[in-house]
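The analysis underlying the following values was restricted to heavy atoms, covering all of them including side chains, and did not include hydrogens, waters or symmetry mates. What you are looking at is a predicted structure, and each value in this text was computed from that prediction instead of being measured.
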Amino acid sequence: MQQLRAVLFDMDGLMFDTERLSDEVWCAVSRAHGFEMTSRDVSLLRGRNYEGGRAAMLGRFGADFPYDALAAEAGEQIGARLERRVPLRPGLFELLDVLRGMGCGMAVASSTRSGRVLHHLELAGVRGYFSAVIGGEAVTRSKPDPEIFLRAAAALGAPPAACMVLEDSYN
């Protein structure tokens, strides 16, 4: 067994407590447009890139579901709420400090677009821990396909067998 050389982090839900906000906003936006979405429905978006989320929602609500318009509206509202503060998950700084002390490389591999990932990392004061950030737009296949994690490992120069992935989403 190889020694641990790198840790690859998901972002939403794992490092930052953003999923409750996402549930609230998506449910409200969909309701305003005549669709009854639940938190369980919103969970279909987690861990997926834009196209993966789109396919999941069209599969759930049908081909007439206005995903692009609702995603834009929900994204705007979520972004506005996260503009000045990102809610941290407990123990994040402690974990990052331990891994840094062990000499582990760290990367973020998130289905969220890179610009938003970088904004959140900067705002939370954790950007300096991560040597690489791979956003959802950088891959052609969304999670659970391992493409994003393989890219993050490569960006750190670490063989996949020497990496640990921290991911909270079933998808």
Between Gln77 and Val25, is there a donor-acceptor pair closer than 3.5 Å when you use the side chain of the first and the backbone of the second? no
Ignoring hydrogens and geometry, is there a side-chain-to-backbone donor-acceptor pair from Gln3 to Ala162 under 3.5 Å? no
Report yes or no: does Ser43 contribute a side-chain atom to a donor-acceptor pair with the main-chain N or O of Arg40 at less than 3.5 Å? yes
Got a second to check how far Leu99's CG is from Cys104's SG, nearest 0.5 Å? 5.0 Å
Do other residues, nucleotides or ligands put more than 12 heavy atoms under 6.0 Å from the CD atom of Glu76? no
Does Glu19 reach the side chain of Glu24, with side-chain heavy atoms less than 4.5 Å apart? no
Under a 4.5 Å cut-off applied to non-hydrogen side-chain atoms, are Ser22 and Leu45 in contact? no
I'd like to know if the side chain of Arg151 and the backbone of Ala138 have a donor-acceptor N/O pair within less than 3.5 Å. yes
Looking only at side-chain N and O atoms, does Asp12 offer a donor or acceptor that is under 3.5 Å from a partner on Thr112? yes
Assess Arg60 against Phe65: is NZ or CZ under 6.0 Å from the centre of the six-membered ring, and within 45 degrees of the ring's axis? no
Taking all heavy atoms of Ala109 and all of Ala152, pick out the closest pair and write down the distance. CB-CB, 4.2 Å
Residues Arg5 and Gly157: closest non-hydrogen pair is NH2-O, 2.8 Å
Might you work through the side-chain contact (heavy atoms from CB on, under 4.5 Å) test for Arg46 and Lys143, ending with a clear yes or no? CA-CA 9 Å; Arg46 294 198 180 107; Lys143 298 173 187 177; over 6 Å; no
So which atom in Phe16 and which in Ala124 form the shortest heavy-atom distance, rounded to 0.1 Å? CE2-CB, 3.5 Å
Side-chain heavy atoms nearer than 4.5 Å, only ILVMFWY residues, links allowed to pass through others: does that put Leu118 and Leu8 together? no
Testing the basics here: between Met106 and Arg100, what is the closest heavy-atom pair and its distance to 0.1 Å? CE-N, 3.8 Å
Any sub-3.5 Å donor-acceptor pair from Asp41's side-chain atoms to Thr38's backbone N or O? yes
Under a 4.5 Å side-chain heavy-atom rule over Ile, Leu, Val, Met, Phe, Trp and Tyr, are Leu92 and Leu121 clustered together? yes
Would Leu156 end up clustered with Leu14 when hydrophobic side chains under 4.5 Å apart are linked, directly or stepwise? no
Go through Met37 and Arg31 one step at a time and tell me if the side-chain contact (heavy atoms from CB on, under 4.5 Å) criterion holds. CA-CA 7 Å; Met37 186 179 280; Arg31 193 169 29 261; over 6 Å; no
Interatomic distance, Met15 atom CE to Leu95 atom CG [nearest 0.5 angstrom]: 10.0 Å
Looking only at non-hydrogen atoms, find the nearest pair between Cys163 and Ala153 and report the distance. SG-CB, 3.7 Å
Intermediate values then yes/no, salt bridge (charged side-chain N to carboxylate O under 4.0 Å, His left out), Arg89 and Asp168: CA-CA 12 Å; Arg89 300 291 294 181; Asp168 69 311; over 6 Å; no
Other residues, nucleotides and ligands only: do more than 12 of their heavy atoms fall within 6.0 Å of CG on Asp68? yes
Looking only at atom types and distance, does a side-chain atom of Arg127 sit under 3.5 Å from a main-chain N or O of Phe130, one as donor and one as acceptor? yes
Taking all heavy atoms of Thr18 and all of Gly13, pick out the closest pair and write down the distance. OG1-N, 3.8 Å
Phe61 and Phe35 aromatic ring geometry - parallel, tilted or perpendicular at 30°/60° bounds: perpendicular
Assigning hydrophobic clusters by single linkage (Ile, Leu, Val, Met, Phe, Trp, Tyr; side-chain heavy-atom cutoff under 4.5 Å), is Val117 placed with Val165? no
Tell me, do Pro87 and Leu21 make a side-chain contact under 4.5 Å, heavy atoms counted? no
Under 4.5 Å between side-chain heavy atoms, counting indirect links through other Ile/Leu/Val/Met/Phe/Trp/Tyr residues: same cluster for Tyr129 and Ile134 or not? no
Hydrogens and angles aside, do Ser30 and Glu36 bring a side-chain donor and acceptor to less than 3.5 Å of each other? no
Between the main-chain N or O of Phe9 and the side-chain N or O of Glu167, is there a donor-acceptor pair closer than 3.5 Å? no
Value for CE (Met164) from CZ (Phe149), rounded to nearest 0.5 Å, stands at 13.0 Å
